[in-house]
Structures are given as structure tokens and as C-alpha cells.
Protein chains: 2
Amino acid sequence: MQTGSRIDNIQEFTQICREHRLKITPQRIAIYRELLNSDTHPAADTIYQILKKEYTNISFDTVNRTLLTFAKIGIVEVVETFGGAKRFDPNVTNHHHIHCSQCGKILDFYSRAYDKLAVPDGVYEQFQVVSKRVILKGICKDCRQ
Amino acid sequence: MQTGSRIDNIQEFTQICREHRLKITPQRIAIYRELLNSDTHPAADTIYQILKKEYTNISFDTVNRTLLTFAKIGIVEVVETFGGAKRFDPNVTNHHHIHCSQCGKILDFYSRAYDKLAVPDGVYEQFQVVSKRVILKGICKDCRQ
DNA sequence: CTTTTTGCAAAGCGTTTGCATTGAA
DNA sequence: TTCAATGCAAACGCTTTGCAAAAAG
């Protein structure tokens with residue numbers, strides 16, 4: 001099942017970068033900070049659009065490659081989507097997702113009952129299960145007006 | 001929650017096409033048949049590669065557009081992925097998915113316990129929930145050798 | 001016959017790669 | 001000073017669109 005805890009501050013972030021021998025660049029800090037500031041699991045381009053206002057020189061590639069690097073070292077997760085661009089989540093603790101089918105936003109929610117679900121026997125025989133998540137789909141408050 | 005039942009045969013399929021005023025073409029029948037034959041939730045291109053051996057003239061576009069049409073009328077579902085091409089599922093009954101992180105195969109499984117899960121209160125207030133599914137990730141038997 | 005569907009080609013996104021330049025350590 | 005990271009450009013893969021020809025009803 002999912003392990004590890006959410007990194008809430010930039011100090012912890014730089015510490016983890018050092019452990020993985022990743023250089024700490026202003027871009028990496030800014031990208032990680034934007035990820036923490038958002039709660040809708042942004043795509044690379046969403047983060048790029050925000051950051052290029054502040055850092056006129058930043059490139060989409062850096063944002064995208066950095067997010068993939070973060071995923072590789074386990075501080076962000078690529079979340080499930082139904083087509084379209086990859087979406088990223090800085091929350092690597094045990095949690096679940098709800099997708100709005102209208103506006104595409106993805107929100108986290110928590111449920112002890114969901115966390116406690118056992119993996120069915122038939123699955124255990126076929127798969128070595130690594131993670132478990134409940135995905136809800138629906139229409140959010142904003143989209144219902 | 002999910003409703004509707006799996007369409008097991010081509011007769012039912014043609015009936016539903018008629019109800020939606022979709023013309024019944026050899027391509028549509030072949031595409032739907034291939035979807036039923038597969039249990040790994042193929043991408044459009046996977047189905048295209050299979051069908052072009054049999055129907056030398058079929059185009060990728062037809063396969064792709066047809067799958068999207070099927071999704072629109074509700075006889076197939078676009079399933080969750082973690083990047084890459086859309087994957088399609090002809091099983092629109094209540095079920096759950098397990099993904100192999102190595103080979104990318106997606107398999108259905110069933111669990112009464114999972115089906116019975118209630119939507120948490122906090123979510124009900126924010127979302128009108130339409131569907132609910134448990135997503136497991138792991139390594140399948142084949143990939144473990 | 002009418003209208004939808006098909007196949008093809010081109011365009012549109014999102015992602016990935018190679019490479020010279022820049023910057024962190 | 002060294003080596004990783006960045007920015008840029010080009011390539012690649014998946015998806016979508018417009019349109020003339022073909023096929024279904």
C-alpha cells in the first residue's frame with residue numbers, strides 16, 4: 001500500500017533532492033511550490049502557464065521534465081486520467097480521488113473505511129499489489145452552478 | 001452508481017445501435033466484437049492492428065471515432081490511465097480495475113465489499129457522485145516471470 | 001435517394017529527445 | 001572546474017478535423 005508522507009515545506013523538499021543527488025535550482029523549487037499551492041492536480045502546462053508570468057525565461061520542457069523527475073524519485077505521483085495530459089499530485093500519502101467530469105478538476109479526499117479495504121483473494125493470486133485507490137466521478141458544486 | 005448490463009452478443013449490440021439511430025456497418029460490428037474478445041482494455045490502435053489483418057481497408061480513424069461514438073452512447077467506457085493512449089472497456093457493469101505497472105495491462109475484478117462502499121459525507125456535499133471504482137496497481141504474474 | 005459513415009490527409013495537442021549553453025556545487 | 005540542468009528546436013505519438021467518396025437504410 002502507499003507509504004511515505006506529504007512534504008509540506010521547501011526545506012524538506014531540498015533535503016530530499018540532496019538525498020537523490022538532484023541539484024536544487026530555482027525552477028525546481030518554483031515548480032514544487034506551485035504543485036503544493038494547487039489542490040486540483042495540475043498538468044505540466046498549467047504549472048508552466050503560472051510560472052512563466054513570474055520567471056519569463058522558464059521553458060515548458062523544464063517544467064515537464066522536472067515533474068517526471070519528481071515522479072521518479074517518488075515525491076509526486078502521476079494520477080489517473082481519462083485521456084488528455086498527465087496530471088501530477090504532490091500528495092503521496094494514502095488518499096482517494098474524485099474527478100469532476102465537467103471541468104476535469106481532481107480533488108483529494110480521505111476515508112478510513114476506504115483505506116481499510118482488503119485486496120480480494122482472487123487478485124492476490126494474480127498480482128503483487130502495490131497501491132490501492134478509490135476513484136469517484138461526478139459533477140462538482142461549481143459546475144452545477 | 002453504475003447501471004446497465006454487459007452486452008454479450010452482437011444482436012443486442014445492433015439493437016442498441018438502432019435505438020441510437022447509428023447505422024450498423026461491418027466496421028462497427030468488428031470493432032465491438034474485438035472489444036468483447038479482449039480482456040485487457042485495448043487502445044484504439046491495438047484494435048486497429050488486429051482488424052487490419054482481416055479488413056485490409058479499415059482505417060485507424062474509423063476505429064478511433066467508432067470507439068468514441070460507443071463511449072458517447074454508453075456501451076463502452078473510457079477507463080482511467082496514467083498517460084498514453086485512451087483505453088476502452090465494453091464492460092459497463094459494476095466492477096473494479098487492476099493495472100500492471102510493468103506491461104500496462106488492465107484487468108477487471110469483482111468485489112461485493114468494494115461495491116458496497118458508501119460515499120463519504122464530505123464528498124456528498126461537494127459532488128453529485130456518478131460512479132465509483134477501486135483502482136489497484138501492481139505487478140502481474142507474467143511480469144514477475 | 002438521403003444521410004451517415006468511411007478513409008485519407010492534414011492539423012492539433014502532448015510528450016520526448018538531442019544538443020549547445022548555463023548554472024549549481 | 002565539473003557535471004547536471006536548462007532552454008530551444010525538432011521529432012514523435014496520440015487525437016481530432018475537414019472533406020470527397022462510399023455505403024446503409
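Computed from heavy atoms alone, side chains included, the values below leave out hydrogens, waters and symmetry copies. Per chain, numbering begins at 1; letters A, B, ... match sequence-line order. As the structure is a prediction and not an experimental result, all values here were calculated from the model.
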Could you encode protein contacts along nucleotides 8-14 of chain D as a string, one character per nucleotide from 5' to 3', using B for base contact, S for sugar-phosphate-only contact and - for no contact, with a heavy-atom cut-off of under 4.0 Å?
BB----S
[X] [atom1] to [Y] [atom2] distance, which is reported to the nearest 0.5 Å:
X        : Y        : atom1 : atom2 : result
A/Leu107 : B/Phe127 : CG    : CZ    : 4.5 Å
A/Cys103 : A/Lys105 : SG    : NZ    : 4.5 Å
A/Ile16  : A/Glu19  : CD1   : CD    : 6.0 Å
A/Tyr32  : A/Asn37  : OH    : CG    : 11.0 Å
A/Arg112 : A/Asn94  : CZ    : CG    : 8.5 Å
B/Cys100 : B/Lys141 : SG    : NZ    : 13.5 Å

Is A/Thr66 close enough to D/dT6 that one of its side-chain N or O atoms is under 4.0 Å from OP1 or OP2 there?
yes
Do any side-chain nitrogens or oxygens of B/Thr25 fall under 4.0 Å of OP1 or OP2 in D/dA23?
no
Treating A/Lys52 as the side-chain partner and A/Ile58 as the backbone partner, does any N or O pair qualify as donor plus acceptor under 3.5 Å?
no
State whether the side chain of A/Ser38 and the backbone N or O of A/Leu35 hold a donor-acceptor pair below 3.5 Å, judged by distance alone.
no
Members sharing B/Val79's hydrophobic cluster (side chains within less than 4.5 Å):
B/Ile106
Based on the rotation axes of five pairs at each end, what angle does the helix from C/dC1-D/dG25 to C/dA25-D/dT1 bend through, to 10°?
40°
May I ask you to list the residues of residues 17-24 of chain B, by number, that have any heavy atom positioned under 4.0 Å from an atom of DNA chain D?
B/Lys23, B/Ile24
For the residue pair A/His97 and A/Asp108, confirm or rule out a side-chain donor-acceptor distance under 3.5 Å.
yes
Nearest-Å distance, NZ (A/Lys72) to C1' (D/dA5)?
13 Å
Using a heavy-atom cut-off of 4.0 Å to chain B, what are the terminal contacting nucleotides of DNA chain C, in 5' to 3' order?
C/dT3 to C/dA9
Pairing residues for B/Phe82 by the ring pair (Phe, Tyr, Trp, His ring centres under 6.0 Å) criterion, not counting sequence neighbours
B/His99
Stepwise salt bridge (charged side-chain N to carboxylate O under 4.0 Å, His left out) test for B/Glu77 and B/Arg133
CA-CA 13 Å; B/Glu77 232 179 279; B/Arg133 172 161 295 157; 3.1 Å; yes
Please assess A/Phe109 against A/Tyr114 for the test ring-ring contact (aromatic ring centres under 6.0 Å, His included), listing each intermediate value before the final yes or no.
CA-CA 10 Å; A/Phe109 69 92; A/Tyr114 285 11; 5.7 Å; yes
